[in-house]
Amino acid sequence: MSNAALNHSTVPRKLRRSRAARARLAADSGFVVIISIVMAFLYVPIAILVIFSFNDNRSLTWPPSGFTLNWYEKLFNNDQLLVAIGNSFYVAGCSTALTLLVGVPAAMALHRYRFPGKTVFRRLLLLPIALPGIVTGISMLNMFKMFGFNLSLETVIVGHATALLAVVVTQVFARLQRLPKSLAEASSDLGANPFQTFIHVTLPNIRTALLGAGLLSFVLSFDEIPVTFFLTGRDNTLPMYIYSTMRRGVTPEINAVGTLIVFTSLILITISVVFTARDWTGRK
Amino acid sequence: MSGIIELRNISKHFGSVIGIDHVDLSVEDGEFLTLLGPSGCGKSTLLRMIGGFEEPTTGSIFLSGQDVTDLPPQKRDVNMMFQDYALFPHMTVGQNIAYGLKMKGVGKADALQKAKAALELVGLPDKIDQMPHQMSGGQRQRIALARAIVREPKVLLLDEPLSALDANLREQMQVELKHIHDKLGITFIMVTHDQREALVMSDRVIVMERGRIAQDGSPQDLYEHPKTTYVANFIGTTNFMPARITARNGIETHLEIAGQSLLARYDRVPDTENIQIGIRPEKAHILDAESTTKSNVLVGRVAEHIYHGSSLRTTIKLTDGIEFHIDAMLPLGMARADVSGIGAEVRIGIEPENVFLFEREG
């Protein structure tokens, strides 16, 4: 409500109220319009993707001509595509696990200990996220070649884990910083050794950060192209496969894959939201 | 070596800053000891060293005869109640309290029994299944206490246990903590910056000043016989005045203050001629107009009255501008009109025992 309008005691009361109400209505509808535009910008392309995945015509022309599940059927019969999806899950799952295994201890070390060169260590950990994937890709390719590794999905996993380390370390470190130091102290005071303290006190309190960082890493790895491009051998991941089929234009099959990915992401996001909401403090 | 806790020649340096400076301290089994001082005096560091959270730079710590200097917290038979309570937010009240028992390997049924008993002791028997964030500040404080005592430690450490509570609750908890101490019979070591808390709760108070022990004694001893102006200033209120010793006769000391003479009978007499004296505001009184006593009287003029509810603080200006405060309890039905008017000349009566003598500083 506009304070300026209220302060004019000379203006009759009814008029004042309606003027304020009108101003509010104008502001509200303006707000709704802006929100709608932003939302449309974000979600209309996705909606189109979903709609065309059910369209019974190959060409992407509006309006859709009819409903079909044909593309989904084709998708499940396309071995190459299924292998690529499997590879993507394998790469994203392993690189997420690897980056958590390395990132969590690194974040804890950053949080708990003071050591010479700590700031440098921290910056170096964060650097890969700022590096273009193409640089990470080429440099790791050089390294693998130098040490005589054969390129495979495993080299892709290492490459992804390296690039994603910054994500995990930043998120976990930020959560650890917000955790009062006295919790771990109280735990050791009550007879727990450092490992027990980590399992019973620290881990449950950074659980949501781990979940968030894990999901983000998974998604980032799942649709990563540049690093994968340099580090993969004969195997293709899903984004690489899609990219390679693009030479023949966007097929409705690809739209179907996209739709499936969108819904999988929705499920993952819902899980993470539910977990976060069930957090004991009721706060974020 | 007799105490349950012995600190020997303890120092702690933080870089070039000296946090604790050669402290020796012996804590008797079963006593309620308070480390008192302003922030930064080293009291918390000392407590945390006993708990095992800080390592001394030099010196050793003994717990019932055993050298625990290098032992981590989980291997020391002491428990700490943290200033922020440090309750585990993801565990119920019962799980919080039983945590220390679980780590000790106590069976589930047994642990539950003990947790219930501890909750009973702190007066929250029906909260065992609630989460810490559902509790009020005062309740959380009690749960932290229950969690710390359920392991039956030899020594309980309390780091500013009452600082987060509001004034009413704090006074109530002071008495309650003291009762729990009496009931358990274990040693309590508390850190506080609140001198009233220290006086009310402790058997013995250690006043700390810049990493050293300024004075060590019973609350009464500290209040009645402060060794230095620092202690007299930190505990209670004191009127400080410069004075000159004119004659010494054993513990009787003749003084000259702003041209007036005064007799002191105090057990510590400085060697120097120019000293500082201190008189508690409630240990001096304004003499009746008809009183004819001439001994131990200071003369001044009333400058101000301040009403404190149960007492009245009168500021009197002595001849050379020194301000002297007197606190008088207001008797039943005393009218404000009864007190001497502003500007009136009054005589202040002071018992020789109530004059503290200090070395002049600076």
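From a predicted model like this one, the values you see are computed outputs, not experimental measurements. Note: hydrogens, waters and symmetry copies are ignored here, and every other heavy atom, side chains too, is used.
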### Task
Specify the closest pair of heavy atoms between B:Gln74 and A:Pro194, including all atoms of both residues, with the distance to one decimal.
NE2-CD, 3.6 Å
### Message
If you compare all heavy atoms of A:Thr197 against all heavy atoms of B:Tyr99, which two are closest, and at what distance to 0.1 Å?
### Response
CA-OH, 4.3 Å
Does [atom1] belonging to [X] count more than 12 external heavy atoms closer than 6.0 Å?
X: B:Gln134; atom1: CD; result: yes
X: B:Glu55; atom1: CD; result: no
X: A:Lys181; atom1: NZ; result: no
X: A:Arg122; atom1: CZ; result: no
X: A:Phe263; atom1: CZ; result: no
X: A:Phe195; atom1: CZ; result: no
X: B:Arg204; atom1: CZ; result: yes

### Query
Considering only heavy atoms, which portion of B:Leu87 lies under 4.5 Å from any heavy atom of chain A: side chain, backbone, both, or neither?
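B:Leu87 touches chain A through backbone heavy atoms alone.
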### Task
Can you tell which part of B:Phe53 gets under 4.5 Å to a heavy atom of chain A, answering side chain, backbone, both or neither?
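Just the side chain, heavy atoms under 4.5 Å.
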### Message
In the structure I gave you, are the side-chain heavy atoms of A:Leu190 and B:Arg147 within less than 4.5 Å of one another anywhere?
### Response
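The answer is yes, as the side chains (C-beta and beyond) meet within the 4.5 Å cut-off.
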### Message
Quick one: does any side-chain atom of B:His90 pair with a main-chain N or O of A:His200 as donor and acceptor, under 3.5 Å?
### Response
yes
### Query
How long is the span from the CG atom in A:Asn193 to the NZ atom in B:Lys75, to the nearest 0.5 Å?
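These two atoms lie 8.5 Å from each other.
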### Message
For the OG atom of A:Ser188 and the CZ atom of B:Arg76, what is their distance to the nearest 0.5 Å?
### Response
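With rounding to 0.5 Å, OG (A:Ser188) is 10.5 Å from CZ (B:Arg76).
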### Task
May I ask you to list the residues in residues 79-86 of chain B that approach chain A closer than 4.5 angstrom, counting heavy atoms only, ordered by number?
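Under the 4.5 Å heavy-atom cut-off, B:Asn79, B:Met80, B:Phe82, B:Asp84, B:Ala86 qualify.
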Can you give each donor-acceptor pair under 3.5 Å made by side-chain atoms of residues 180-194 of chain B, sequence neighbours left out, with the distance rounded to 0.1 Å?
unit_1, atom_1, unit_2, atom_2, d
B:His181, NE2, B:Gly30, O, 2.9
B:His181, NE2, B:Ile186, O, 3.2
B:Thr187, OG1, B:Asp29, OD1, 3.3
B:Thr187, OG1, B:Gly30, N, 2.8
B:Thr192, OG1, B:Asp194, N, 2.9
B:Thr192, OG1, B:Glu197, OE2, 3.1
B:His193, ND1, B:Glu160, OE1, 2.9
B:His193, ND1, B:Glu160, OE2, 3.1
B:Asp194, OD1, B:Arg196, N, 3.0
B:Asp194, OD1, B:Glu197, N, 3.2

